[in-house]
Structures are given as C-alpha cells and as structure tokens.
Amino acid sequence: MFVTITFPDGSERRYESGVTGAEIAASIGPRLAKAAVAVKLNGVPTDLSRAVTQDGTVEIVTEDSEEGRHVLRHSAAHVMAQAVLDLYEGAKFAIGPPITDGFYYDFQVEHPFTPEDLDRIEARMAAIVAEDQPFERDELSVPEALEVFSDQPFKTEIIESVDEQEGAGGSEVSVYRNHAFVDLCRGPHVPSTKRLKAVKLMRSAGAYWRGDENREQLQRIYGTAWENKAALAAYLERLEEAEKRDHRKLGQELELYSFPSELGSGLAVWHPKGGLLRTIIEDYSRRTHLAHEYEIVATPHVAKADLWQQSGHLDFYAEGMYPGMVLDDSTEYRMKPMNCPFHILIFRSRSRSYRELPLRLFELGTVYRYERSGVIHGLMRARGFTQDDSHIFCEEKDIAAELQNLLDFTLMVLRDFGFTEFEADLSTKDPEKYIGSDELWDKAEDALRLALETADLPYDVAEGEGAFYGPKIDVHVRDAIGRRWQLSTLQVDFAQPENFDLLYATDHNTRERPVMIHRALMGSIERFVGILIEHFAGALPAWLAPIQATIVPVADRHIDYASEVADRLRAESLRIEVDSADDTVGEKIRRAITQKHPAVLVVGDTDIAEGTAGLRLRGEDERRGVKVDEVAATLADMCRLPR
RNA sequence: GCCGGGGUAGCUCAGUCGGUAGAGCGACGCACUCGUAAUGCGUAGGUCACGGGUUCGAUUCCCGUCUCCGGCUCCA
C-alpha cells in the first residue's frame with residue numbers, strides 16, 4: 001500500500017502507507033528534518049509522529065516559522081506546567097496556550113509565584129528539556145479523561161464543557177504525555193522536550209479563570225520560547241527597544257509632561273515643550289478641520305445630570321463618570337465623559353434645514369472618565385483627555401458619501417503625522433442588543449464597508465461588536481516597531497438623534513430625523529502624542545519638534561553672532577534655541593542630540609567672518625561653513641508644515 | 001476594582017539584620033573660552049511617599065492610605 005503526498009510546490013511523491021511526518025521530512029533533506037517540529041496534513045497541524053495512511057497534501061512546519069514557534073511555545077507551556085506540578089505539591093493547572101511571542105500557563109497554587117520561584121521553575125524546565133522526554137499523544141473518552149484529571153478541577157471543567165459541546169457519549173479528548181506528566185491538549189507538539197532550546201520565563205501575574213473577574217483568580221506565568229538562543233536574544237533586545245521608546249520615560253527625559261501624584265492618577269500636566277507640541281498638533285487639527293468644512297464649537301466641562309440622563313450616559317456609562325456635585329441644594333452636575341450631548345444641543349438650538357446638512361461640529365473637547373485605577377497607563381489611558389471630536393449631522397441618504405469623505409480625511413491626517421500602514425475593524429450589529437431598524441443598520445454597515453473598500457483599507461469584520469446604537473470603523477496604525485495602535489474611530493449613531501428628538505426640515509417641508517456620525521481622528525490628543533513619541537522614539541518630525549534647531553556658540557565671544565543667526569532663522573518661523581551655557585562644544589552637541597533636536601548649528605570665528613554656520617542634521621554628518629541663507633532655506637524646507 | 005512587586009536627593013539607583021543615609025548624572029559656584037556625542041575642582045540638596053501602631057529609638061518591623069510598575073478585567 002502506498003500513499004501519494006503532494007507538497008506545497010505542487011510536486012508529488014509516493015510513500016509506503018503509515019509513513020510519518022518525520023520520515024517524510026527526512027526523505028526531503030536532513031536539514032529540513034532537523035528543523036521540523038510538526039507537519040500540516042491537508043492543512044491540519046499534526047504531530048511529526050502521526051502515521052499518514054491516505055493521499056493528501058503535506059507541509060513541513062519548521063521551528064523558525066510562526067506556526068513552528070507556535071508549536072514550540074505550546075510545548076514549552078506543557079513543560080512549564082510539568083515543572084510547576086513537580087515543584088509545588090497540590091498545584092492545580094488551568095490553561096496554557098501559546099500567544100504572540102510566547103506562552104503562558106495559569107495555576108492555582110497556595111502562594112503567588114515570586115521571582116525566585118520563576119528561577120526554580122526555569123531550572124526545573126531546563127532539566128526536563130535535558131532529559132529529552134518524548135511527547136506522546138493519546139485519545140481518551142470523556143469518562144476516561146475525567147478519571148485521569150480527577151484531582152484537577154479546571155481540567156475537569158474543560159472536559160465537561162467539551163462533552164456538552166460534542167454531545168454526551170462517544171466524544172473523545174486528546175491528551176499529551178511526556179514522562180509522568182499528562183495534559184489535555186489538541187496538539188500538535190514537538191517530538192521531544194529537547195527541541196526547546198531557548199525558553200525563558202518572563203513574569204508572573206494574576207489572571208481570572210476564564211477571564212471572568214467573578215471567578216477564581218489564578219497565578220499566570222508568562223514565558224517566551226524561540227527556535228534558538230539567537231532568536232531569543234533578538235526578542236529580548238526588541239523588548240528593550242520598546243522600553244526605550246516608552247512615552248512615559250521619554251516624556252520625562254524630553255521635558256514634555258509629567259504625572260504629579262498630587263493631581264491623582266491618570267492626570268497629566270504639560271510642561272512648556274509638551275505644551276508647545278500639543279499646540280502644534282491642535283493648530284494642525286483646527287486648521288485642517290476648517291479647511292474641510294467643519295465648524296469649530298466650544299462647550300463646558302460640566303453639565304447637569306439631567307442632560308446625562310437624557311443622553312443615556314447615566315444609564316449605560318455611569319461607572320465611567322466622575323460622581324455628581326450637588327449645587328443649589330438640588331441640582332446635580334457631572335463632569336463630561338463625552339462631548340456629544342453638547343453638540344446635539346447646538347444642533348437643536350434652532351430649527352435646521354436640509355440645506356445646512358451635513359452639519360459638522362468640531363471641538364477639541366476635554367473629557368473626564370473615571371477609569372478603573374488598574375488600567376491607567378501614562379497618556380495612553382488617562383482620566384482626563386482631549387478628543388479631536390466631531391459630530392456630523394447628515395441626511396440618511398448622505399451617510400455613504402459622508403463616510404467615504406471622512407475616511408479619506410482620516411487617512412490624510414494620519415499620513416501627515418508619518419503613519420503609513422493602516423488596518424481597520426468594522427464592528428457590526430449585535431443581534432441581541434441594538435436599536436433602530438434592521439434596514440438602517442444594513443445601510444449603515446454597507447456604507448462603512450463601501451468606504452473601507454473605496455479607501456482600499458484592509459479590514460476585519462468584528463461581527464456583533466458594534467455599540468447598541470450603531471456600527472463603527474476603528475482605524476489602527478502600525479508603528480515603527482510593528483505594534484498596532486487604535487487611533488481613529490468613526491461611529492454611526494442612531495440613538496442620540498432619537499433621544500434628543502432631533503429633526504430637520506426637508507425640501508418638501510416635512511420633518512426628518514438626521515443620522516449622527518461620531519468621530520475622533522487622533523482619538524485623544526494625549527494618547528496621540530504618546531503614540532507619536534513611541535513611534536518616532538522621541539525623534540519627532542521636524543515640523544512637530546518643539547525646538548527645531550539649537551545653535552551652539554563655540555566660545556562666549558560667539559554668542560552675539562549666534563543670536564543674530566537665531567533671529568534670522570526665527571524670521572522663517574523656525575523654533576530656535578541658543579545654547580549659551582558654560583559647557584564645551586561637545587557637551588552641547590551631545591545635549592541637543594540627546595534631546596532629539598532635528599538640527600544643531602555650531603558657530604565660531606570663521607563663521608562670523610564668512611556669514612556661515614556648521615550644520616548638523618539629525619542622523620547626518622556635519623557640514624561646516626554653510627551660508628546662513630542656505631541654512632535658513634534648508635531648515636525652512638525641512639520644517640515645513642504638511643499643510 | 002483584583003493579583004503581585006515597588007516608592008530613598010530634580011533624575012537613575014545603592015544602603016540601613018531597628019541607632020535619622022550614599023554614588024553618578026543634573027543644579028549652583030569657580031577656573032577654563034574651547035570647532036562636533038560628557039573639561040576640571042568645589043558647594044548645596046533628603047520629614048527615606050503619607051498617616052497610625054510596636055519600640056528607649058522606625059527610613060528599616062506591622063496596619064492603613066495615596067501613588068507607580070507588570071498582568072487580569074474593562075475600554076460605551
């Protein structure tokens with residue numbers, strides 16, 4: 001008996017029936033055999049040891065592919081659980097999946113793990129790896145499995161839920177054994193523990209069983225695993241790089257902002273350079289909105305609780321709001337968590353005609369949200385922040401055009417700030433929880449989808465993830481080190497126009513309800529600054545840099561000339577600083593570079609004589625003796641606003 | 001909010017097995033007047049997060065609060 005195997009390149013080979021993935025890999029080449037960790041049979045990931053008895057396609061999964069690392073990490077999670085169960089008597093283990101860049105496993109143990117515990121566990125894992133224990137697959141019936149895991153309540157719960165899904169009786173679960181350790185698992189796994197050549201435990205943390213905060217809190221250990229030590233080292237270096245970019249650290253080093261504990265958690269103060277950066281961004285935002293037919297409004301930070309009642313916030317969002325302030329004996333006020341009700345009141349302040357639609361009200365609106373203390377993270381998740389917020393009131397028939405227009409505008413803005421890679425999520429109707437007609441939802445979803453397709457934006461559909469009042473698009477960007485950040489959100493809203501009974505007069509003088517689009521492009525100015533800082537590692541594009549050039553006089557006698565050059569450059573609207581401190585030239589250059597200034601000028605005797613300066617642009621070599629007019633032209637060009 | 005770990009000079013950190021503390025950088029002063037990533041010397045600077053308890057004595061041990069970090073949950 002023979003089987004015919006088709007490979008990814010289309011070639012075919014015949015093997016004796018019962019051949020294993022490992023043997024197939026070996027038949028192709030010894031290096032492939034060595035790198036193989038699993039095999040995909042007809043697209044299904046499978047152990048290398050599994051016998052192949054039917055014709056089909058085979059793809060060898062190697063340890064240096066994403067899928068291969070997935071297998072490594074899954075196996076590493078097993079070995080970690082094995083080590084923990086060896087070392088901690090009575091430990092219960094829950095689930096341990098591979099994740100991006102690593103794996104974790106959740107345990108219930110008497111005491112939370114300390115860093116020393118992690119060292120012990122890592123050492124035990126190394127011993128298990130050295131023992132070269134083979135992973136063996138076994139299939140058990142549900143009752144058998146329940147017997148094997150009788151003292152493991154979490155495993156029991158998983159098996160029982162498998163049973164429910166598959167229907168009682170007859171269903172099987174697979175388990176993997178290595179040595180005395182056995183775990184419930186779909187697989188596949190590496191052939192043996194010795195394939196785990198580069199594993200490191202990273203940290204421990206609390207985590208709720210099944211992600212439910214009402215259930216047991218377990219102790220999770222995170223680890224990472226790679227195909228070799230070099231890949232592990234590269235990963236750790238990447239983490240370090242990300243740490244260097246941390247906007248909280250850079251914000252302090254570059255004197256942009258701080259979070260004084262006296263203010264309370266999640267509240268930032270902006271220092272002069274950060275204030276300038278914000279202003280540059282806000283000016284850009286106002287300018288571009290005005291150029292795109294938005295109208296700028298301004299609204300207060302508090303409003304009567306009645307308003308939040310009418311908008312539905314007190315019913316649906318109360319725990320995210322700061323508590324009320326009762327004034328004049330009876331009237332309660334609340335800080336605003338959103339700007340929409342104010343913009344709605346502006347819309348409703350007089351009767352509106354179809355001729356004024358779409359009406360686009362824009363505000364850099366500061367809102368306050370009482371985020372749970374554990375979620376606050378620098379500027380990324382704060383309790384007070386400013387949204388570049390707009391509410392667009394339009395006729396139902398115009399939704400599609402307006403959304404397309406809006407998505408183009410969004411991408412233009414993000415590109416202006418140096419982002420080049422975009423992805424989107426389209427969140428659709430939750431069939432359990434929504435208001436408005438199906439017809440309207442379908443229309444809005446189609447309009448959003450069309451806008452995404454017209455903009456040629458790759459997107460995922462998040463089925464049922466829309467808010468109860470309408471579907472939405474979230475736009476994500478990729479930063480310089482590949483991380484994904486959600487920035488813009490475009491949300492169709494059927495509820496608020498209803499809540500506030502908004503109407504406009506049509507061309508037949510009938511009354512219709514407008515549709516509202518709720519959108520923020522940068523999301524929040526604070527968060528946006530944080531993402532920019534991390535994206536550029538603090539080295540902001542010249543047009544955003546609070547200081548665009550530093551002038552370094554070589555000696556005190558050159559200070560006057562430095563000031564003249566500074567004035568000449570300031571006449572070009574450049575932001576210039578003269579560093580006249582009593583330090584060496586080298587020290588001043590170093591400071592300017594460390595502070596990520598886009599340009600450094602050095603002026604000395606020869607420059608005074610010739611009307612020149614030494615020019616050193618970020619990332620380039622110095623050029624001496626550049627005419628000041630040329631410096632001005634170069635810098636003005638480099639610092640030009642995107643629009 | 002939950003679990004774990006922190007909070008010592010402006011910053012980064014060391015230290016005190018309970019007897020009120022130290023470095024580097026920064027700041028300030030003096031000398032140097034310097035040509036592309038740290039000139040030298042000196043000086044000042046701390047209620048050891050805050051409140052309470054134990055103790056002859058607490059920065060150190062205990063409790064509480066605030067706050068930060070890493071996760072979990074959450075992110076309309």
Side-chain angles (χ1 to χ4, degrees), chain A residues 104 106 108-109 111-115 117-118 202-222 243 246 248-249 252-253 255 258-267 311-321 337-338 340 367 369-378 380-382 427 433 465-470 472 474 486 489 491 493 495-496 518 523-524 527 550 552-559 580-595 600-607 613-616 620-625:
Chain A
Y104 68 80
D106 287 346
Q108 189 175 49
V109 283
H111 301 289
F113 298 111
T114 62
D117 286 327
L118 295 195
M202 304 299 286
R203 66 176 75 88
S204 62
Y208 299 103
W209 170 232
R210 302 226 143 155
D212 183 344
E213 62 179 316
N214 297 312
R215 302 206 55 182
E216 298 90 319
Q217 184 148 30
L218 306 175
Q219 296 303 317
R220 174 170 300 178
I221 301 178
Y222 285 92
E243 208 172 307
D246 191 315
R248 294 164 300 184
K249 181 177 140 78
Q252 177 178 290
E253 287 171 6
E255 294 186 82
S258 62
F259 303 90
S261 58
E262 291 85 344
L263 296 193
S265 192
L267 299 169
S311 68
H313 287 92
L314 283 176
D315 288 334
F316 292 102
Y317 193 61
E319 90 255 15
M321 294 173 69
M338 289 176 114
C340 22
V367 297
R369 301 182 184 180
Y370 197 77
E371 301 288 356
R372 297 168 83 174
S373 61
V375 308
I376 286 164
H377 181 88
M380 304 296 194
R381 193 89 179 268
S427 299
K433 200 177 116 187
E465 292 293 307
F468 67 96
Y469 50 77
K472 66 171 175 176
D474 293 320
Q486 188 200 316
T489 172
Q491 176 128 28
D493 188 341
Q496 298 287 9
H518 174 122
S524 96
R527 181 178 152 80
T550 303
V552 175
V554 171
D556 286 357
R557 64 178 179 278
H558 309 123
I559 292 177
S580 53
D582 183 14
D583 290 313
T584 58
V585 171
E587 167 68 8
K588 291 183 197 180
I589 302 236
R590 179 170 192 276
R591 186 155 55 225
I593 291 173
T594 317
Q595 287 291 306
V600 187
L601 305 187
V602 178
V603 295
D605 289 332
T606 52
D607 295 301
L615 175 63
R616 180 179 182 135
E620 293 182 20
D621 291 334
E622 49 156 325
R623 287 162 58 205
R624 293 203 191 178

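A note on names: the letters A, B, ... follow the listed sequences, proteins ahead of strands, and every chain is numbered from 1.
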Check: Between the base of B:rC74 and the side chain of A:R381, is there any donor-acceptor pair under 3.5 Å?
Finding: yes

Margin query: Can you list everything that forms a side-chain hydrogen bond (donor to acceptor under 3.5 Å, both in side chains) with A:E465? Sequence neighbours excluded, please.
Written below: none

Notebook entry, point to check: How close or far is atom C1' of B:rG4 from atom CG of A:L118, stated in whole angstroms?
Noted result: 11 Å

Margin query: Heavy atoms only, 4.0 Å cut-off, all strands: where does A:M338 land among base, sugar-phosphate and nothing?
Written below: base

Check: How about A:D621: does its CG atom have over 12 heavy atoms from other parts shown lying under 6.0 Å from it?
Finding: no

Check: Nucleotide by nucleotide, 5' to 3', does protein get under 4.0 Å of the base (B), only the sugar-phosphate (S), or neither (-) in nucleotides 42-49 of chain B, counting heavy atoms?
Finding: --------

Next item on the list: Whole angstrom is fine here: how far is it from CG in A:D582 over to C1' in B:rC30?
Entry: 10 Å

Next item on the list: For B:rC3 and B:rC74, measure between their C1' atoms and round to the nearest Å.
Entry: 16 Å

Next item on the list: May I ask you to say what A:Q252 touches in the nucleic acid, namely base, sugar-phosphate or nothing, with a heavy-atom cut-off under 4.0 Å?
Entry: sugar-phosphate

Item checked: Sugar-phosphate only, base, or nothing, as touched by A:F316 at under 4.0 Å among non-hydrogen atoms -> nothing

Note to self: What is the distance, to the nearest angstrom, from the NZ atom on A:K249 to the P atom on B:rG10?
What the structure shows: 19 Å

Check: Among all residues two or more places apart in sequence or in another chain, which pass the side-chain contact (heavy atoms from CB on, under 4.5 Å) test with A:R248?
Finding: A:D246, A:H377

Between the protein and nucleotides 35-38 of chain B, list every N/O to N/O distance that falls short of 3.5 Å.
| residue | atom | partner | partner atom | Å |
| --- | --- | --- | --- | --- |
| B:rG35 | O2' | A:R624 | NH1 | 2.9 |
| B:rG35 | O2' | A:R624 | NH2 | 3.2 |
| B:rG35 | O6 | A:G604 | N | 3.4 |
| B:rG35 | O6 | A:D605 | N | 2.9 |
| B:rG35 | O6 | A:T606 | N | 3.1 |
| B:rG35 | O6 | A:T606 | OG1 | 2.9 |
| B:rG35 | N1 | A:D607 | OD2 | 2.7 |
| B:rG35 | N2 | A:D607 | OD2 | 3.2 |
| B:rU36 | OP2 | A:R624 | NH2 | 2.6 |
| B:rU36 | O2' | A:R616 | NH1 | 2.8 |
| B:rU36 | O2' | A:E622 | OE2 | 3.3 |
| B:rU36 | O2 | A:R616 | NH1 | 3.2 |
| B:rA38 | O4' | A:E587 | OE1 | 2.7 |
| B:rA38 | N7 | A:R590 | NE | 3.3 |
| B:rA38 | N7 | A:R590 | NH2 | 3.3 |
| B:rA38 | N6 | A:R590 | NH2 | 2.8 |

Next item on the list: Measure across A:S427 and A:G466 and return the closest heavy-atom pair with its distance rounded to 0.1 Å.
Entry: CB-N, 3.6 Å

Note to self: For the backbone of A:E253 and the side chain of A:Q595, can you confirm whether one donor and one acceptor N or O come within less than 3.5 Å of each other?
What the structure shows: yes

Notebook entry, point to check: Say you pick atom P in B:rC61 and the same atom in B:rU16; how far apart are they, in whole Å?
Noted result: 11 Å

Note to self: I'd like the P distance from B:rA9 over to B:rU60, given in whole Å.
What the structure shows: 15 Å

Check: For A:S204, which residues count as a side-chain hydrogen bond (donor to acceptor under 3.5 Å, both in side chains) partner, sequence neighbours excluded?
Finding: none

Check: Is any side-chain nitrogen or oxygen of A:R557 closer than 4.0 Å to OP1 or OP2 of B:rC34?
Finding: yes

Next item on the list: Please state how far atom CE in A:M321 lies from atom P in B:rC75, giving the value in whole angstrom units.
Entry: 17 Å

Next item on the list: Examine distances only and state if a side-chain atom of A:K588 and a backbone atom of A:A581 form a donor-acceptor pair shorter than 3.5 Å.
Entry: yes

Margin query: Test of understanding: with side-chain contact (heavy atoms from CB on, under 4.5 Å), list the residues that count as partners of A:R557, not counting sequence neighbours.
Written below: A:A555, A:D605

Item checked: For A:E371, all residues meeting side-chain hydrogen bond (donor to acceptor under 3.5 Å, both in side chains), sequence neighbours excluded -> A:R381

Checklist line | Comparing A:G466 and A:D583 on RNA chain B - which has the more 5′ nearest nucleotide | finding: A:D583

Item checked: Interatomic distance at P, B:rU43 relative to B:rA38, whole Å -> 26 Å

Margin query: If you assign A:D556 and A:Q219 each to the RNA chain B nucleotide with the nearest heavy atom, which residue ends up on the more 5' nucleotide?
Written below: A:Q219

Checklist line | With A:D315 via side-chain contact (heavy atoms from CB on, under 4.5 Å) - residues at least two apart | finding: A:Q309

Check: B:rC72 C1' sits how many Å from A:E216 CD, rounded?
Finding: 14 Å

Next item on the list: Look at all strands and tell whether A:D212 reaches a base, only sugar-phosphate, or nothing, counting heavy atoms closer than 4.0 Å.
Entry: nothing

Notebook entry, point to check: Distance from A:S524 atom OG to A:M380 atom CE, nearest 0.5 Å?
Noted result: 9.5 Å

Notebook entry, point to check: How would you list, by chain and number, every residue that makes a side-chain contact (heavy atoms from CB on, under 4.5 Å) with A:Q252, sequence neighbours excluded?
Noted result: none

Could you list the protein-to-nucleotides 61-65 of chain B atom pairs, N/O on both sides, closer than 3.5 Å?
none

Checklist line | Distance in angstrom units between A:E319 CD and B:rU73 P, rounded | finding: 17 Å

Notebook entry, point to check: Between B:rG19 and B:rA49, how far is it from one P atom to the other, in whole Å?
Noted result: 16 Å

Next item on the list: Would you sketch RNA chain B in dot-bracket for me? Only Watson-Crick or G-U wobble pairs with both distances under 3.5 Å count, crossing pairs as [ ], other-strand pairs as |, the rest as dots.
Entry: (((((((..((((.....[..)))).(((((.......))))).....(((((..]....))))))))))))....

Margin query: Taking only the P atom of each, what is the distance from B:rG35 to B:rU39 in whole angstrom?
Written below: 12 Å

Notebook entry, point to check: What heavy-atom pair brings A:L267 and A:P260 nearest, and what distance separates the two atoms?
Noted result: O-CD, 4.2 Å

Check: Ignoring hydrogens and geometry, is there a side-chain-to-backbone donor-acceptor pair from A:R616 to A:V602 under 3.5 Å?
Finding: no

Note to self: What verdict does the side-chain contact (heavy atoms from CB on, under 4.5 Å) test give for A:E213 and A:Y208, after you've listed the backbone C-alpha separation in whole Å, the side-chain angles of each residue and the deciding distance to 0.1 Å?
What the structure shows: CA-CA 6 Å; A:E213 62 179 316; A:Y208 299 103; 3.8 Å; yes

Margin query: Rounding to an integer number of angstrom, what distance separates B:rU59 and B:rU47 when you compare their P atoms?
Written below: 12 Å

Distances under 3.5 Å between protein N/O atoms and the N/O atoms of nucleotides 66-71 of chain B, please, pair by pair.
| residue | atom | partner | partner atom | Å |
| --- | --- | --- | --- | --- |
| B:rC68 | OP1 | A:S265 | OG | 3.3 |
| B:rC68 | OP2 | A:S265 | OG | 2.9 |
| B:rC69 | OP1 | A:R248 | NH1 | 2.8 |
| B:rG70 | OP1 | A:R248 | NH2 | 2.8 |
| B:rG70 | OP2 | A:R248 | NH1 | 3.3 |
| B:rG70 | O2' | A:R203 | NE | 2.8 |
| B:rG71 | O3' | A:Y222 | OH | 3.0 |
| B:rG71 | O2' | A:Y222 | OH | 3.4 |
| B:rG71 | N2 | A:Q217 | NE2 | 3.4 |

Note to self: To check you understand the geometry: which heavy-atom pair defines the closest contact between A:D493 and A:A495, and what is its length?
What the structure shows: OD1-N, 2.7 Å

Notebook entry, point to check: Of all heavy-atom pairs between A:Y469 and A:Q491, which one has the smallest distance, and what is that distance?
Noted result: CE1-NE2, 3.4 Å

Note to self: Nearest whole Å is fine: how far is B:rC74 P from A:N214 CG?
What the structure shows: 11 Å

Next item on the list: Please report, rounded to the nearest Å, how far the P atom of B:rG7 is from the CD atom of A:E262.
Entry: 18 Å

Notebook entry, point to check: What integer number of Å spans the C1' atoms of B:rC69 and B:rC13?
Noted result: 16 Å

